[in-house]
Chemist: 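Have a look at this one.
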Amino acid sequence: MTYQTTNPATDELVERFASWTEDELESALAQVSAITPLWAATPLPERCRLLNRLAEVIRGQQESLAQLVSLEMGKLIAESRAEVEKCALGCEFYAAQAATFLADERVETDARKSLVVYQPIGTVLAVMPWNFPLWQVFRFVAPTLAAGNTGLLKHASNVPQCALAIERLVQEAGFPDGVFRTLMIDARDVEGVIADARVQAVTLTGSEPAGRSVGAAAGKHLKKSVLELGGSDAFVVLEDADLEHTVQQAVVSRFMNCGQSCIAAKRFIVVEDIAEAFVSRFVQAVQALNVGDPVNETTTLAPMARPDLRDELHTQVQASIAAGAVLVTGGEPVAGPGAYYQATILDQVAPGMVAYEQELFGPVASVIRVADEAQALAVSNASRFGLGGSVWTQDSERGERFARQMQCGSAFVNGLVKSDPRLPFGGIKASGYGRELSHHGLREFVNAKTLWVR
Ligand code: NAP
């Protein structure tokens with residue numbers, strides 16, 4: 001795939017970027033490799049000072065960055081602004097916490113002194129998706145640079161200007177040249193970078209096929225890897241849920257970012273007693289969404305990021321309907337230019353259907369009706385994925401008991417699944433392995449070294 005900016009709201013090709021030559025890649029790798037030991041030796045307070053400065057630089061350009069995100073992948077402008085702010089907060093979080101997360105840990109043994117010390121491992125490659133084109137990268141950049149590692153980015157080919165903007169922001173904050181570089185390379189060249197002796201680890205956020213490919217390359221070359229892959233999160237509505245609040249949150253969780261979030265609620269597992277009432281209110285709320293230009297402040301449903309993704313989603317919807325799912329609203333691409341898809345609800349989704357088994361990465365909600373709480377839990381866990389999940393009930397103790405049994409990396413009670421720098425983020429099963437954010441994320445890419453002194 002070549003790098004290009006195409007406006008998803010209009011299909012207009014804005015700009016094309018050539019992929020790098022071998023020489024250009026070699027020059028970037030050499031630059032990063034040269035700075036890596038110097039950056040590792042830079043005192044932590046200085047690394048943290050620069051991260052705080054990075055937060056200021058990001059905030060200073062909030063509007064232009066937000067406009068760029070909306071231009072390249074079609075997000076609602078208000079969501080783009082919130083994404084920019086989250087990047088600044090992520091930098092500040094690691095600037096404030098790195099000293100605690102990286103502090104030596106004394107352990108009593110038979111030694112006079114024994115401890116765990118957390119040391120940088122070198123250069124980490126990040127392969128990133130387009131759906132949160134700034135936040136996905138900053139949640140890698142902040143802990144990586146705080147830990148004293150250097151970073152490389154291979155971003156998704158439809159957000160090249162965001163990729164270049166991130167490199168520029170790091171430079172403008174005053175970090176030494178080369179501690180973070182954007183590589184304009186094709187996906188097929190990723191394995192070569194993983195194999196390179198100057199690269200010590202790789203993290204990928206993206207689809208399952210990309211995860212398999214990067215995970216295999218990391219294994220082949222014995223490099224540490226973290227994989228943040230797809231999800232088909234359960235949104236479990238028990239019969240005692242607060243219906244109005246639950247429906248409102250269901251709409252946000254499924255249709256935010258035009259449904260293109262790994263932790264969006266995708267499978268609405270609803271207990272039969274409340275299902276009719278839930279579906280009718282859900283349909284009403286979804287039909288009120290206002291499809292339009294993402295930079296228009298009154299729009300509430302943006303286009304999808306690319307027409308091919310929209311077409312793939314439509315194929316999944318059609319296959320599900322052919323297999324017996326009931327189309328309650330939407331179900332068609334929106335006529336005219338742009339990668340728009342109608343806000344869609346499928347009811348009576350059942351095992352074997354595409355909407356039950358696969359991830360639907362767009363504005364389509366699948367309702368699965370179940371007899372009771374026990375069946376809700378069984379269905380919730382009967383997924384290849386295990387990223388996040390939520391349960392909705394007015395009895396929070398019941399909710400917590402349920403959430404503890406959900407097979408996923410993040411389980412929320414009466415709240416939609418979201419990432420928070422203070423809490424670990426990641427999945428199990430086909431949703432990947434490893435964690436981002438909190439001290440868990442930072443410690444994925446450090447050498448937890450035992451130091452033993454008699
Ligand atoms: P994608 O097609 O897998 O692309 C992600 C990144 O991987 C892009 O930079 C892409 O480059 C690259 N890539 C693709 N195939 C590759 C390969 N064989 N080897 C090396 N790199 C490869 O995913 P996407 O469509 O951008 O994102 C949507 C998916 O990401 C969904 O499944 C979503 O759930 C998941 N996601 C997960 C999380 C999480 O934290 N768990 C967060 C966000 C999204 P090109 O663009 O050049 O192809």
Side-chain angles (χ1 to χ4, degrees), residues 5 15 17 28 31-32 35-36 38-40 42-73 75 77-99 101-102 120 123-126 128-156 159-184 203 205 295 419-422 436-437 441-442:
T5 302
E15 199 166 347
F17 298 79
Q31 184 195 28
V32 174
I35 196 72
T36 296
L38 302 176
W39 182 243
T42 301
L44 182 59
E46 173 61 4
R47 302 202 297 257
C48 294
R49 184 190 70 78
L50 289 167
L51 272 179
N52 278 323
R53 176 74 195 121
L54 181 54
E56 287 171 12
V57 171
I58 292 168
R59 281 210 184 89
Q61 300 178 30
Q62 190 196 35
E63 191 55 30
S64 59
L65 290 168
Q67 292 287 343
L68 182 58
V69 169
S70 292
L71 170 72
E72 287 203 303
M73 59 70 63
K75 195 185 300 262
I77 189 68
E79 293 176 349
S80 297
R81 290 185 190 120
E83 181 172 339
V84 175
E85 172 59 19
K86 195 163 181 177
C87 295
L89 287 172
C91 293
E92 287 170 343
F93 172 76
Y94 277 105
Q97 298 301 324
F101 294 168
L102 295 168
T123 301
V124 186
L125 168 68
M128 289 288 155
W130 46 263
N131 63 338
F132 291 88
L134 299 180
W135 168 238
Q136 294 289 358
V137 181
F138 277 100
R139 77 186 194 192
F140 157 75
V141 169
T144 300
L145 298 183
N149 295 319
T150 49
L152 300 170
L153 168 68
K154 184 270 176 267
H155 215 331
V159 288
Q161 298 193 50
C162 286
L164 294 167
I166 296 164
E167 186 179 68
R168 181 177 48 73
L169 290 165
V170 173
Q171 278 166 0
E172 285 177 18
F175 283 86
D177 285 349
V179 299
F180 175 82
R181 288 298 312 266
T182 287
L183 312 177
M184 301 292 278
T203 180
T205 301
V295 293
S419 66
D420 179 328
R422 296 166 292 190
E436 290 186 288
L437 302 177
L442 180 136

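Position 1 is the first residue of the sequence; numbering continues from there.
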Chemist: To the nearest 0.5 Å, tell me how far Leu152 CG sits from Leu183 CG.
Modeler: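 So the gap between those two atoms works out to 5.0 Å.
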Chemist: So Ile166 and Leu134, side chain to side chain contact (heavy atoms under 4.5 Å, CB included) or not? Walk me through it.
Modeler: CA-CA 7 Å; Ile166 296 164; Leu134 299 180; 3.8 Å; yes
Chemist: Report the C-alpha separation of Thr42 and Leu50 in whole Å, then their side-chain angles, then the decisive distance to 0.1 Å, and conclude whether the side chain to side chain contact (heavy atoms under 4.5 Å, CB included) test is met.
Modeler: CA-CA 11 Å; Thr42 301; Leu50 289 167; 5.8 Å; no
Chemist: Enter the distance from Gln31:CD to Ile35:CD1 here, rounded to the nearest 0.5 Å.
Modeler: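 Spacing of CD (Gln31) from CD1 (Ile35) equals 8.0 Å.
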Chemist: Check for a donor-acceptor pair, side chain of His155 on one end and backbone N or O of Thr182 on the other, with a separation under 3.5 Å.
Modeler: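 Not a single qualifying donor-acceptor pair exists.
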Chemist: Using only heavy-atom distances, determine whether the side chains of Thr5 and Glu15 contain a donor-acceptor pair under 3.5 Å.
Modeler: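 No, Glu15 and Thr5 have no side-chain donor paired with an acceptor closer than 3.5 Å.
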Chemist: State the CG-CD distance between Asn131 and Glu83, to the nearest 0.5 angstrom.
Modeler: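 Output value for this atom pair is 8.5 Å.
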Chemist: I need the single residue from Lys86, Arg49, Arg59, Arg422 that forms a salt bridge (Lys or Arg N to Asp or Glu O under 4.0 Å) with Glu92. Which is it?
Modeler: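 With Glu92 as partner, Lys86, Arg49, Arg59, Arg422 yield a single salt bridge (Lys or Arg N to Asp or Glu O under 4.0 Å), made by Arg59.
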Chemist: Kindly write out the residues that satisfy salt bridge (charged side-chain N to carboxylate O under 4.0 Å, His left out) with Arg47, not counting sequence neighbours, or none if the list is empty.
Modeler: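 Arg47 satisfies salt bridge (charged side-chain N to carboxylate O under 4.0 Å, His left out) with no residue once adjacent residues are dropped.
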Chemist: Run the side chain to side chain contact (heavy atoms under 4.5 Å, CB included) check on Glu72 and Leu68 step by step: do they pass?
Modeler: CA-CA 6 Å; Glu72 287 203 303; Leu68 182 58; 4.2 Å; yes
Chemist: Using the side chain to side chain contact (heavy atoms under 4.5 Å, CB included) rule, pick out the option among Leu169, Val84, Leu89 that qualifies with Phe138.
Modeler: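 Output: one option passes, namely Leu169.
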Chemist: Enter the distance from Leu125:CG to Thr203:OG1 here, rounded to the nearest 0.5 Å.
Modeler: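 Result: 9.0 Å between the selected atoms.
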Chemist: Please evaluate residues Phe140 and Thr205 with respect to the criterion side chain to side chain contact (heavy atoms under 4.5 Å, CB included), reporting the C-alpha separation (whole Å), side-chain torsions for both, the decisive distance (0.1 Å), and the verdict.
Modeler: CA-CA 10 Å; Phe140 157 75; Thr205 301; over 6 Å; no
Chemist: Search all heavy atoms of Thr150 against all heavy atoms of Leu145 and return the closest pair with its distance.
Modeler: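 In this case the closest contact between Thr150 and Leu145 is CA-CD2, 4.4 Å.
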Chemist: Quick one: does any side-chain atom of Gln136 pair with a main-chain N or O of Pro129 as donor and acceptor, under 3.5 Å?
Modeler: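 Judged by distance alone, no pair lies under 3.5 Å.
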Chemist: Just checking, any donor-acceptor pair under 3.5 angstrom between side chains of Glu167 and Gln171?
Modeler: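 No, no side-chain donor-acceptor pair sits under 3.5 Å.
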Chemist: Under the 3.5 angstrom rule, does the side chain of Thr36 hit a backbone N or O of Thr123 as a donor-acceptor pair?
Modeler: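 Flag not set: sc Thr36 to bb Thr123 has no pair under 3.5 Å.
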Chemist: List for me each residue that meets side chain to side chain donor-acceptor pair (under 3.5 Å) alongside Arg53, sequence neighbours excluded, and say none if there are none.
Modeler: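 Side chain to side chain donor-acceptor pair (under 3.5 Å) list for Arg53, sorted by chain: Glu56.
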